[in-house]
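Chain A is the first sequence line, chain B the second, and so forth, proteins listed ahead of strands; every chain is numbered from 1. In this text the structure is predicted, and so the values were computed from the model without any measurement.
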Protein chains: 2
Amino acid sequence: MSTHPALTRNQSLVLKALDRADGPLSAYTILDRLRDEGFRAPLQVYRALDKLQEFGLVHRLESISAFVACARPDCHGHEMIAFAICQTCGRVDEFSDEAVQESLSAWVSANRFMPAKTTIEISGNCAACAELTEKA
Amino acid sequence: MSTHPALTRNQSLVLKALDRADGPLSAYTILDRLRDEGFRAPLQVYRALDKLQEFGLVHRLESISAFVACARPDCHGHEMIAFAICQTCGRVDEFSDEAVQESLSAWVSANRFMPAKTTIEISGNCAACAELTEKA
DNA sequence: TGTTAAATGTTATGACATTACATATCGTTG
DNA sequence: CAACGATATGTAATGTCATAACATTTAACA
């Protein structure tokens with residue numbers, strides 16, 4: 001668990017950019033934020049992101065084509081993780097639910113499917129934003 | 001449940017293209033397959049896809065940016081649906097699992113999140129393809 | 001039939017991601 | 001240390017996915 005090679009310069013920079021952000025970032029936004037560090041091309045970002053995902057330090061949110069730093073500092077396994085994404089404020093909640101995990105595992109075994117990556121994303125409005133919109 | 005306006009010409013053509021396909025199609029692939037019917041621009045496809053998704057007749061697979069016809073002919077609600085996507089043969093299994101649904105609903109209520117759309121996709125190898133690769 | 005909403009056609013552009021190839025860095029081993 | 005291979009980087013070009021903006025047509029219906 002939780003072990004990965006030391007990060008290279010590019011990987012560290014990309015991870016720091018995601019850590020500093022208060023929400024998910026697109027690869028091109030990361031690129032823009034790292035221009036001053038010498039970043040020039042999308043590939044520099046995508047390559048770093050690939051490795052960081054491999055290490056479990058970053059997650060890709062498929063439904064919005066964006067990336068977030070893993071919320072659980074020292075738990076970089078590859079378990080099943082779910083995300084709640086607020087369409088209004090952009091805030092993302094990362095959570096891991098045993099019950100969801102078991103239910104999906106059950107289907108997977110029953111169908112002899114060999115899972116490689118599982119995506120669970122709930123888009124909607126977070127508690128705070130939902131409250132605001134229903135007052136309108 | 002299961003009621004929607006009559007489909008327009010473009011909507012019917014796009015749905016038929018997806019029905020004929022034996023797996024998910026990208027919007028541009030659909031466009032290519034409908035050239036002979038007079039399709040010229042991506043927007044014609046995307047507009048039809050938007051409506052078809054609204055009607056529950058088509059699903060978008062976020063993790064592969066592709067579209068499939070709904071597998072359950074007469075059940076076009078907007079329940080929580082999960083997909084198992086084979087990376088090898090492209091086959092997609094659509095399923096609805098009560099337990100998964102309840103587990104996620106529990107998290108959602110506990111966190112007062114207002115869900116709009118839920119994405120559940122398992123990428124990997126289907127039983128048939130898994131068998132082949134492990135023999136190698 | 002005139003009016004309005006929905007759907008369509010078309011061009012251009014924006015947003016996301018990868019291929020291909022050259023160069024550099026670093027650890028290993030002879 | 002030098003030669004090698006593996007990994008990381010730099011850069012340009014291109015490929016793929018999706019939408020904005022605007023003109024026109026069709027359909028619903030008072």
Practice prompt. Could you state the atom-to-atom distance from CG of B:L61 to P of D:dT16 in whole Å?
Written response: 19 Å

Worksheet entry | Between C1' of C:dC16 and CG of A:D32, the distance in whole Å | 13 Å

Practice prompt. Report the distance from atom CG of A:L25 to atom C1' of C:dA17, rounded to the nearest whole Å.
Written response: 17 Å

Item to complete: Indicate whether B:Y28 forms a stack on D:dT16; treat it as stacked only if centroid distance is below 5.5 angstrom and interplanar angle below 30 degrees.
Response: no

Discussion item. Can you measure B:I64 atom CD1 to D:dA18 atom C1' for me and round it to whole angstrom units?
Written reply: 17 Å

Fill in: End-to-end axis angle, where each axis spans five pairs of the helix from C:dT1-D:dA30 to C:dG30-D:dC1, to 10°
30°

Worksheet item: Please walk me through it: do A:I122 and A:D93 pass side chain to side chain contact (heavy atoms under 4.5 Å, CB included)?
Response: CA-CA 10 Å; A:I122 310 177; A:D93 262 8; over 6 Å; no

Worksheet item: Under 4.0 Å between a Lys/Arg side-chain N and an Asp/Glu carboxylate O for A:R60 and A:E62?
Response: yes

Discussion item. I'd like to know if the side chain of B:T29 and the backbone of B:L25 have a donor-acceptor N/O pair within less than 3.5 Å.
Written reply: no

Worksheet entry | Interatomic distance, B:E37 CD vs C:dG9 C1' [rounded to whole Å] | 16 Å

Item to complete: Using the test ring-ring contact (aromatic ring centres under 6.0 Å, His included), find all partners of A:F113 that sit at least two apart in sequence or belong to another chain.
Response: none

Worksheet entry | Nucleotide C:dG14, atom C1' - distance to CG of A:L31 in whole Å | 15 Å

Fill in: Side-chain donor-acceptor contact under 3.5 Å, A:S123 with A:Q87
no

Worksheet item: Atom CD of A:E54 and atom C1' of D:dT7: how far apart are they, to the nearest Å?
Response: 12 Å

Practice prompt. Quick one: which residue pairs count as a side-chain hydrogen bond (donor to acceptor under 3.5 Å, both in side chains) with a foot in residues 39-48 of chain A, not counting sequence neighbours?
Written response: none

Worksheet item: What is the distance from CD of A:E62 to C1' of D:dA18, rounded to the nearest Å?
Response: 16 Å

Under 3.5 Å, which protein N or O atoms sit close to an N or O of nucleotides 24-27 of chain D? Give each pair with its distance.
none

Worksheet entry | Residues in contact with DNA chain D, drawn from residues 39-52 of chain B - heavy-atom cutoff 4.0 Å | B:L43, B:Y46

Discussion item. Quick one about B:H59 and B:E94 (side-chain donor to acceptor, distance below 3.5 Å, no hydrogens or angles considered), yes or no?
Written reply: yes

Worksheet entry | ring-ring contact (aromatic ring centres under 6.0 Å, His included) partners of B:F39, counting only residues at least two apart | none

Practice prompt. Using distance alone, with no hydrogens and no angle criterion, decide if B:N125 and B:T88 have a side-chain donor and acceptor under 3.5 Å apart.
Written response: yes

Worksheet item: Does B:A66 or A:T8 map to a spot on DNA chain D nearer the 5' end, using the closest nucleotide for each?
Response: A:T8

Discussion item. Under 3.5 Å, is there a donor on one side chain and an acceptor on the other for B:E79 and B:S96?
Written reply: no

Worksheet item: For A:T8, does its backbone N or O pair with a side-chain atom of A:Q11 as donor and acceptor, under 3.5 Å?
Response: yes

Worksheet item: Given C:dC16, is OP1 or OP2 found less than 4.0 Å from the side-chain N or O atoms of A:S65?
Response: no

